[in-house]
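First the structure, in the form of structure tokens, and then the observations on it.
Throughout, numbering of the chain's residues begins at 1 and tracks the sequence. Values below: all heavy atoms of this structure, side chains included; hydrogens, waters and symmetry mates excluded.
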Amino acid sequence: MPSGKRMMMGAAGVSSGYSAYTWGKGAFGGTGQGITTDTSVATQISDSGAWASMSVGKYAGALVGTDGSLWTWGRGYGQTGHGDTVARSSPTQVGSLTDWAECAISNNNAVAIKTDGTLWHLGGRASNGENGRGTVVASSSPIQIGALTTWSKVTGRFEGFQALKTDGTIWSWGKNSNFGQCGDNTVVDRSSPVQSGADSDWATLVSASQGGGGIKTDGTIWVWGRNSTANLGINAAGDRSSPTQIGAQTDWLSASMGLEHSHGTKTTGKLYGWGSQKQGYLGNGVAAYVYLPSPIQIGALSDWSTVSAGEGVSIFTKTDGTLWSVGKAQHGRTGVGSTENKSSPIQIGSDTTWVSPHAFFNHAGGLKS
């Protein structure tokens with residue numbers, strides 16, 4: 001799930017940012033729109049244009065303001081960080097601190113990074129070690145994970161997280177016993193961050209539903225975790241508990257792996273997909289229970305930018321600032337005002353100011369300037 005820029009500076013040094021939009025399943029207030037019903041069109045969740053980054057999880061979400069404030073909403077497992085387990089259907093500020101840089105939501109937990117590079121667990125269930133603090137004790141208020149000040153990026157997955165450090169290493173924690181989701185060459189749950197592989201040349205994270213991955217500084221892409229629907233794209237069967245390269249190309253720009261399918265963009269602006277094609281997941285015009293084990297190009301266009309994959313749906317931005325979706329439309333998660341599945345990318349609205357797509361499970365969102 002890619003994040004937006006942390007801050008933009010306008011005239012006279014006044015900070016300016018983005019507006020936030022969501023759509024999809026509204027149960028437990030998951031879309032942050034003040035309702036608990038589904039929304040099938042991209043709907044603004046705040047009249048503020050001062051958001052810097054966004055994350056959506058399963059029935060929850062988070063926004064970081066350009067002023068460093070942190071706001072969360074959704075299901076009340078404690079992951080919203082408000083010291084309770086009350087569900088909230090609208091963004092509510094977490095405390096009063098203004099030193100937050102970004103946040104990541106999983107299915108029942110949230111983790112955030114501060115501007116000083118420290119890592120924090122906001123709260124949630126921890127039976128699989130999701131809190132990263134060496135315990136399996138649930139919590140509902142921000143607690144620091146370790147004492148390091150070198151964390152730079154974090155993404156959530158089902159029952160866990162992965163994070164990038166400033167030294168170019170990737171670390172993961174949480175559920176690991178199913179598919180090797182942490183990428184540390186084991187299948188043992190991890191309640192504290194463990195390094196994924198041994199390399200230190202990672203440039204960015206590849207978000208994943210039940211695994212992890214990253215793109216290296218040389219433009220290669222590597223993944224690990226669940227592979228039962230060929231969603232790793234490694235042209236081989238079987239899960240992977242350590243980093244495994246997809247092909248040999250060195251021009252990957254961004255990628256995201258959903259529950260059963262994956263998408264990625266290259267520096268050439270081309271879009272690729274792999275994994276399950278059912279219900280039109282990949283966007284190649286096919287809706288069949290057939291798995292594609294290696295990346296194939298989707299269409300012939302070369303103006304794709306970033307991607308975020310959820311459960312059966314993917315959301316994309318183009319270089320012209322337009323927003324697109326494809327796949328499973330249940331609960332309105334494609335954001336185009338319909339519950340009809342789409343097997344080819346379809347534009348969400350007509351705006352050309354989208355900067356960041358976000359998808360996770362049953363709902364999605366985006367930031368717009």
Side-chain angles (χ1 to χ4, degrees), residues 1-8 10 15-26 28-75 79-82 87-94 98 100-105 110 112-113 122 154-156 207 256 305-308 310 313 315-317 321-325 331-337 348-369:
M1 298 164 246
S3 300
K5 299 174 183 177
R6 290 187 181 177
M7 181 172 289
M8 296 176 63
S15 64
S16 60
Y18 306 107
S19 299
Y21 291 73
T22 61
W23 57 93
K25 191 167 185 175
F28 308 103
T31 57
Q33 298 171 14
I35 59 176
T36 55
T37 53
D38 298 347
T39 304
S40 63
V41 295
T43 303
Q44 191 171 352
I45 61 174
S46 170
D47 59 5
S48 170
W51 302 117
S53 66
M54 180 187 207
S55 176
V56 296
K58 185 179 180 182
Y59 308 121
L63 287 164
V64 176
T66 54
D67 63 354
S69 59
L70 176 61
W71 302 69
T72 60
W73 67 89
R75 195 168 192 168
Q79 72 265 45
T80 53
H82 298 295
R88 289 170 169 79
S89 61
S90 299
T92 304
Q93 188 172 358
V94 178
T98 55
W100 299 101
E102 67 173 70
C103 184
I105 309 288
I113 296 175
L122 296 190
V154 63
T155 63
S207 62
S256 181
S305 181
T306 57
V307 58
S308 182
V313 67
I315 314 296
F316 319 94
T317 56
T322 56
L323 189 68
W324 299 70
S325 68
H331 304 297
R333 72 187 80 178
T334 54
V336 295
I348 297 175
S350 59
D351 292 328
T352 59
T353 55
W354 294 98
V355 296
S356 183
H358 300 266
F360 191 98
F361 205 66
N362 286 318
H363 71 286
L367 294 177
K368 185 168 63 173
S369 61

Quick check: closest heavy atoms across [X] and [Y], and the distance to 0.1 Å?
X	Y	value
Ala364	Arg333	CB-O, 4.3 Å
Ala112	Leu70	CB-CD2, 4.5 Å
Ser90	Gln33	OG-C, 4.4 Å
Ala359	Ser308	N-OG, 2.9 Å
Ile348	Ala42	CG2-CB, 4.0 Å

**Request:** Would you check if the side chain of Ser256 reaches a backbone N or O of Val307 as a donor-acceptor pair within less than 3.5 Å?
**Result:**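 No, Ser256 side chain to Val307 backbone: no donor-acceptor pair under 3.5 Å.
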If the condition is side chain to side chain donor-acceptor pair (under 3.5 Å), which residues does [X] pass it with, not counting sequence neighbours?
X	answer
Trp100	none
Trp324	Thr322
Ser305	none
Ser325	none

Could you point out which residue of Val94, Ile113, Leu122 forms a side-chain contact (heavy atoms from CB on, under 4.5 Å) with Cys103?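 When side-chain contact (heavy atoms from CB on, under 4.5 Å) is applied between Cys103 and each of Val94, Ile113, Leu122, only Leu122 qualifies.
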- prompt: Please, which pairs that meet salt bridge (Lys or Arg N to Asp or Glu O under 4.0 Å) have at least one residue in residues 351-369, sequence neighbours excluded?
  reply: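 Passing the test, one end in residues 351-369: Asp351-Lys368.
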Margin query: Show me the pairs that pass salt bridge (Lys or Arg N to Asp or Glu O under 4.0 Å) and involve residues 30-43, at least two apart or across chains.
Written below: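 Found none.
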Those residues that, when tested against Ser89, pass side chain to side chain contact (heavy atoms under 4.5 Å, CB included) (two or more places apart):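 Ser89 satisfies side chain to side chain contact (heavy atoms under 4.5 Å, CB included) with no residue once adjacent residues are dropped.
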**Q.** Results of side chain to side chain contact (heavy atoms under 4.5 Å, CB included) for Ala60 - residues two or more places apart only
**A.**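 For Ala60 the side chain to side chain contact (heavy atoms under 4.5 Å, CB included) partners, ignoring immediate neighbours, are Gln79, Ile105.
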Atom [atom1] of [X] and atom [atom2] of [Y]: how far apart are they, to the nearest 0.5 Å?
X	Y	atom1	atom2	answer
Ile315	Ser356	CD1	OG	11.5 Å
Thr39	His331	OG1	NE2	12.0 Å
Leu323	Ser350	CG	OG	11.5 Å

Item to check | Those residues that, when tested against Arg88, pass salt bridge (charged side-chain N to carboxylate O under 4.0 Å, His left out) (two or more places apart) | outcome: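 Result, salt bridge (charged side-chain N to carboxylate O under 4.0 Å, His left out) vs Arg88: Asp84.
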- Message: Using the salt bridge (charged side-chain N to carboxylate O under 4.0 Å, His left out) criterion, which residues pair with Lys25? Sequence neighbours excluded.
- Response: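 For Lys25, no residue satisfies salt bridge (charged side-chain N to carboxylate O under 4.0 Å, His left out) once neighbours in sequence are set aside.
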Quick one: does [X]'s side chain get under 4.5 Å of [Y]'s, heavy atoms only?
X	Y	result
Tyr18	Thr353	no
Thr31	Ile45	no
Pro357	Thr306	yes

(message) Under a 3.5 Å cutoff, is there a donor and acceptor pairing between the side chains of His363 and Thr22?
(response)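 No, no side-chain donor-acceptor contact under 3.5 Å.
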Would you say Ser55 and Glu102 are linked by a side-chain donor-acceptor pair, where the criterion is simply a distance under 3.5 Å?
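No, because no side-chain N or O of Glu102 sits under 3.5 Å from a partner of the opposite role on Ser55.
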Decide yes or no on side chain to side chain contact (heavy atoms under 4.5 Å, CB included) for Leu63 and Trp73, but give the supporting numbers first. CA-CA 9 Å; Leu63 287 164; Trp73 67 89; 3.8 Å; yes
Review point. By ring-ring contact (aromatic ring centres under 6.0 Å, His included), which residues pair with Tyr21, not counting sequence neighbours?
Key: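 Tyr21: ring-ring contact (aromatic ring centres under 6.0 Å, His included) contacts with Trp354.
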Report task. Using ring-ring contact (aromatic ring centres under 6.0 Å, His included) as the criterion, list what pairs up with Trp23, not counting sequence neighbours. Result ->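 None.
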